[in-house]
Protein chains: 2
Amino acid sequence: MHNRQEILDAAAQVFAQHGFRGSTTRRIADAAGVNEITIFRQFGSKEALLREAMKHMTQSVGLALLPDVPSDPERELTLWSESFIQHLRLRSSIIRKTMSEMEERPELSECASYVPRQASADLCHYLTALKRQGRAAEKFEPKTAAAMLMGAIFADAMGREMMPDVYPQPQEKAAQMYTRLLLRALGVEIVSRRTTSKQTKRTKQLSA
Amino acid sequence: MHNRQEILDAAAQVFAQHGFRGSTTRRIADAAGVNEITIFRQFGSKEALLREAMKHMTQSVGLALLPDVPSDPERELTLWSESFIQHLRLRSSIIRKTMSEMEERPELSECASYVPRQASADLCHYLTALKRQGRAAEKFEPKTAAAMLMGAIFADAMGREMMPDVYPQPQEKAAQMYTRLLLRALGVEIVSRRTTSKQTKRTKQLSA
DNA sequence: TGTGTAAGTAAGTGACTACTTGCATTCCTG
DNA sequence: CAGGAATGCAAGTAGTCACTTACTTACACA
């Protein structure tokens with residue numbers, strides 16, 4: 001029973017490295033330090049195991065929160081972007097695998113869309129509030145703006161390892177740079193005093 | 001001999017559907033309408049075949065060109081973005097598979113980075129020229145701006161099928177919307193008269 | 001007509017895969 | 001100490017995989 005969690009973690013890790021077809025029950029058992037038979041007794045089949053592992057993964061995700069009422073947009077959005085890009089970077093392997101398996105095995109990766117959907121909804125909500133406050137000089141569709149920022153962050157997290165010279169340097173400032181670019185596109189005035197990356201990271205986010 | 005091309009095409013198609021491990025020589029042979037043995041006689045091994053198929057794919061790609069001297073930034077960039085997003089959408093399956101296999105089989109997917117690298121360089125070059133012309137009211141790093149636009153386009157092309165409600169509607173206008181947002185972030189004045197999507201598509205791009 | 005080349009057929013090899021069965025071991029609990 | 005549940009070990013099953021060998025067929029060309 002106490003092995004169950006270790007098996008799930010091992011399955012997720014092996015899947016992130018090798019994908020579904022490459023995640024042999026042998027490899028997962030070895031990674032979990034468990035006999036291969038135990039897997040079948042606990043989960044019934046390889047597919048059931050991986051389905052549960054995927055579901056379990058997405059449940060433990062905590063996204064940074066954006067305030068319902070924007071006050072310092074640059075700071076709030078930068079913090080959110082940094083936490084989002086960090087989340088994606090830590091899971092870039094498993095995200096790539098999941099996106100690849102999506103077409104062939106949708107039932108396995110359904111839950112994968114939960115996090116980006118939630119993030120998009122949160123961001124849209126925030127941008128809409130910003131617009132209602134009248135702090136955006138330009139007209140814009142929140143959904144388009146949100147897709148733009150999230151897209152830039154997503155592509156950075158997925159592609160930087162493969163092509164580091166294509167993305168802005170240093171890596172740690174990338175989220176901030178994308179965020180600033182977006183705010184300028186929306187015509188939002190930047191009011192916050194200069195804060196270093198370390199300061200912003202330490203001053204964690206404020207909930208609604 | 002005349003089968004060689006058909007085998008390469010079939011291999012690429014099967015790979016796009018099933019990835020490396022799922023691309024059995026049997027499946028590829030069936031898809032090509034050829035005996036499995038022919039594959040081994042022509043290419044030696046499954047890996048060699050897929051390597052050649054991938055290399056062959058990337059060679060036939062023609063990216064839209066951006067002028068060396070920007071004249072109508074909104075129109076020129078929109079055309080480029082539309083051609084780029086169309087390119088990615090047509091190949092979204094194979095791109096997902098390639099990104100997924102990258103870590104496990106880098107020698108197979110090396111060539112995959114050629115197109116985005118080229119696109120990034122072209123776009124950076126154009127944005128730098130725009131900046132030099134003094135047509136951007138805001139200061140910006142071309143590389144960051146390029147990564148932002150390309151990232152938004154990339155994420156749209158990869159993710160819209162899976163989560164259509166997250167991305168701006170209609171699909172056909174998405175590239176244009178991202179482009180406009182970017183130009184506003186750069187403080188580039190939009191001068192072009194309103195053109196419909198159909199017109200812009202027909203008036204293909206102008207080279208340097 | 002003879003020869004070389006590309007293609008097909010048939011059969012098989014050894015390795016790996018998901019999954020099963022039977023039995024022994026450990027350990028917790030009553 | 002007895003009984004049951006979780007786990008491990010050894011062996012095996014049926015299927016698939018990449019790849020090979022040996023032989024045949026079809027066609028081009030001289």
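Each chain gets a letter, A, B and so on, in the order the sequences are listed, and its residues count up from 1. Below, each value reflects all heavy atoms present in this structure, side chains not excepted, and no hydrogens, waters or symmetry copies.
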Exercise. Does a side chain donor of either B:Arg160 or B:Gln171 reach within less than 3.5 Å of an acceptor in the other side chain?
Worked result: no
Problem set entry | Integer-rounded Å distance: D:dT20 P and B:Asn35 CG | 15 Å
Exercise. Any idea which of D:dC19, C:dG8, D:dC9 is nearest the A:Arg41 side chain?
Worked result: D:dC9
Seminar exercise, completed: Looking only at C:dC23, C:dC19, C:dG8, the nucleotide nearest the B:Val34 side chain is C:dG8
For this session: I would like to know whether B:Arg27 and B:Ser23 meet side-chain contact (heavy atoms from CB on, under 4.5 Å); could you show each step before the answer?
Result: CA-CA 6 Å; B:Arg27 258 203 270 246; B:Ser23 296; over 6 Å; no
Exercise. When you measure from the centre of the six-membered ring of A:Phe20, is the NZ or CZ of A:Lys46 under 6.0 Å away and within 45° of the axis?
Worked result: yes
For this session: From the options D:dA18, C:dA18, C:dG8, select the nucleotide whose nearest atom is closest to the side chain of A:Thr25.
Result: C:dA18
Exercise. Which nucleotide in the set C:dA18, D:dT21, D:dA11 lies at the smallest distance from any side-chain heavy atom of B:Ile37?
Worked result: D:dT21
Seminar exercise, completed: Among D:dC19, C:dG8, C:dA18, the one nearest any side-chain atom of B:Ser45 is D:dC19
For this session: Report the distance from atom CG of B:Leu50 to atom P of D:dC19, rounded to the nearest whole Å.
Result: 10 Å
Problem set entry | Candidates C:dG8, D:dA18, C:dG22 - which lies nearest the side chain of B:Lys46 | D:dA18
Problem set entry | Charged N-O contact under 4.0 Å between A:Glu101 and A:Lys97 | no
